[in-house]
Amino acid sequence: MSGNITFTMIKPKAIAKGYMGKIIDQIITGGFTIKALKYTCLSKEEAMEFYAVHKERPFYNDLTGFMSSGPIVAAILEKENAVQAYRDYIGATNPSDAEEGTIRKLYGTDIQANAVHGSDSDENAVIESSFYFSERERV
Ligand code: ATP
Ligand code: MG
């Protein structure tokens with residue numbers, strides 16, 4: 001059975017380019033309800049913990065350096081079948097492969113600075129949401 005929440009981050013490059021508002025607007029326009037929202041920074045250690053699942057991958061050090069290089073927006077989103085719906089909505093990991101009109105196509109720079117993160121499973125949506133938000137920070 002599919003869950004109804006997913007977790008997203010707007011990545012530092014998209015924030016630096018001034019796309020925060022546009023991306024939040026596109027998320028809402030896509031029918032996702034914001035259940036929690038935070039503008040914050042990750043330390044390198046926190047980024048390493050968040051992306052621990054990728055620690056064996058060659059891009060792990062670069063990715064965690066990038067994700068701790070500037071402010072991010074973290075959010076919990078609600079929609080039916082949220083994990084898959086959001087992954088479809090943001091587009092392929094590499095913005096150049098993403099479909100026209102998707103968040104990554106519109107606002108991504110390259111495969112690392114691909115505008116947004118989206119959870120890959122219901123289980124990880126719960127783990128990632130709890131990484132950032134306490135119960136009383138959720139509506
Ligand atoms: P995310 O988990 O951020 O939603 P994803 O599930 O589409 O993205 P993953 O395979 O989980 O992709 O990779 C996590 C992140 O690692 C990607 O969003 C991207 O920023 C980075 N990444 C993935 N593959 C590469 C690569 N080959 N080179 C550099 N960075 C990469
Ligand atoms: Mg992923």
Side-chain angles (χ1 to χ4, degrees):
M1 206 183 84
S2 302
N4 65 349
I5 69 139
T6 191
F7 173 81
T8 190
M9 280 187 285
I10 304 176
K11 299 188 179 185
K13 183 89 147 202
I15 301 280
K17 285 181 153 183
Y19 296 147
M20 177 168 70
K22 287 187 165 72
I23 292 173
I24 292 173
D25 185 54
Q26 188 158 342
I27 289 169
I28 294 167
T29 304
F32 296 87
T33 301
I34 294 177
K35 304 297 287 181
L37 187 68
K38 191 174 280 188
Y39 179 64
T40 186
C41 289
L42 284 171
S43 67
K44 171 82 168 162
E45 291 68 32
E46 288 167 336
M48 288 171 70
E49 188 186 339
F50 185 88
Y51 282 108
V53 32
H54 295 311
K55 65 174 180 290
E56 306 303 335
R57 312 224 355 220
F59 56 80
Y60 178 65
N61 191 48
D62 255 19
L63 175 64
T64 53
F66 165 64
M67 290 302 295
S68 56
S69 67
I72 58 103
V73 167
I76 302 174
L77 308 177
E78 184 179 70
K79 190 179 187 177
E80 195 180 336
N81 194 19
V83 166
Q84 192 57 49
Y86 191 64
R87 289 181 75 80
D88 292 344
Y89 195 59
I90 65 181
T93 306
N94 192 336
S96 62
D97 298 332
E99 279 190 43
E100 292 300 328
T102 59
I103 292 176
R104 282 172 165 168
K105 185 69 166 193
L106 287 167
Y107 304 115
T109 302
D110 54 44
I111 192 166
Q112 178 171 270
N114 56 359
V116 290
H117 164 84
S119 302
D120 62 8
S121 65
D122 292 341
E123 187 191 1
N124 283 335
V126 170
I127 292 168
E128 292 169 1
S129 296
S130 300
F131 184 90
Y132 277 95
F133 297 103
S134 66
E135 283 307 319
R136 66 174 301 281
E137 289 176 308
R138 308 177 194 206
V139 299

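In listed order, ligands and their atoms are each counted from 1.
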Colleague: Would you name the heavy atoms of Ile10 and Ala14 that are closest together and state the gap between them?
Modeller: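 Heavy atoms of Ile10 and Ala14 come nearest at CG2-CB, 3.9 Å.
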Colleague: So, is the end of the Lys55 side chain (NZ or CZ) under 6.0 Å from the ring centre of Tyr60 and within 45° of the ring's axis?
Modeller: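 Lys55 over Tyr60 ring: no.
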Colleague: With respect to atom 20 (O) of ligand 1, which of His117, Lys11, Arg57 exhibits the smallest heavy-atom separation?
Modeller: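 It is Lys11 that holds the nearest heavy atom.
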Colleague: Please evaluate residues Phe32 and Thr8 with respect to the criterion side chain to side chain contact (heavy atoms under 4.5 Å, CB included), reporting the C-alpha separation (whole Å), side-chain torsions for both, the decisive distance (0.1 Å), and the verdict.
Modeller: CA-CA 11 Å; Phe32 296 87; Thr8 190; over 6 Å; no
Colleague: What protein heavy atom lies closest to atom 19 (C) of ligand 1? Include the residue and the distance to one decimal.
Modeller: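 Result: Ile111 O, 3.1 Å.
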Colleague: So which heavy atom in the protein is nearest atom 4 (O) of ligand 1, and how far is it from that ligand atom?
Modeller: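 The protein heavy atom lying closest is Gly118 N, 2.8 Å.
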Colleague: Touching ligand 1 at all, Met9? Heavy atoms, strictly under 4.0 Å?
Modeller: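 Per 4.0 Å heavy-atom rule, Met9 does not contact ligand 1.
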Colleague: Side chain, backbone, both or neither: which applies to Asn114 and ligand 1 if a contact is any heavy-atom pair less than 4.0 Å apart?
Modeller: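 The answer is the side chain of Asn114.
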Colleague: Nearest 0.5 Å please: distance from the CZ atom of Arg104 over to the CD1 atom of Ile23.
Modeller: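 So the gap between those two atoms works out to 10.5 Å.
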Colleague: Are side-chain N/O atoms of Thr33 and Lys79 paired as donor and acceptor at under 3.5 Å?
Modeller: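 Looking only at side-chain atoms, Lys79 and Thr33 do not form any donor-acceptor pair under 3.5 Å.
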Colleague: Phe59 versus ligand 1: do any nitrogen or oxygen atoms come within less than 3.5 Å of each other?
Modeller: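 No; the residue has no nitrogen or oxygen that sits under 3.5 Å from a nitrogen or oxygen of the ligand.
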Colleague: Within a distance under 4.0 Å of any heavy atom of Leu63, pick out the atoms of ligand 1 and give their elements.
Modeller: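 Once the distances to Leu63 are compared, the set is 15 (C), 16 (O), 20 (O), 21 (C).
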Colleague: If the cut-off is 4.0 Å to any non-hydrogen atom of Arg104, which atoms of ligand 1 fall inside it?
Modeller: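 Listed by number with element, the hits are 1 (P), 3 (O), 4 (O), 7 (O), 8 (O), 18 (O).
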Colleague: List ligand 1 atoms under 4.0 Å from Thr93, heavy atoms only on the residue side.
Modeller: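 The atoms of ligand 1 under 4.0 Å from a heavy atom of Thr93 are 5 (P), 7 (O), 12 (O), 17 (C).
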Colleague: Quick test: of every protein heavy atom, which one is nearest to atom 6 (O) of ligand 1, and how far off is it to 0.1 Å?
Modeller: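 Going by distance alone, atom 6 (O) of ligand 1 is nearest to Arg87 NH2, 3.0 Å.
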Colleague: Between CG of Leu77 and OH of Tyr86, what distance do you get to the nearest 0.5 Å?
Modeller: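 Answer for the CG-OH pair, Leu77 versus Tyr86, is 5.5 Å.
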Colleague: Determine the interplanar angle of the Phe7 and Phe50 rings, folded into 0 to 90°, and report it as parallel if under 30°, tilted if 30 to 60°, perpendicular if over 60°.
Modeller: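 Because their plane-to-plane angle lies in the 30° to 60° range, the rings of Phe7 and Phe50 count as tilted.
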Colleague: Under 30°, 30 to 60°, or over 60°: which ring-plane class applies to His117 and Tyr51, parallel, tilted or perpendicular?
Modeller: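 His117 and Tyr51: perpendicular rings.
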Colleague: Quick one: nearest non-hydrogen protein atom to atom 13 (O) of ligand 1, plus distance?
Modeller: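 It is His54 NE2, 3.6 Å.
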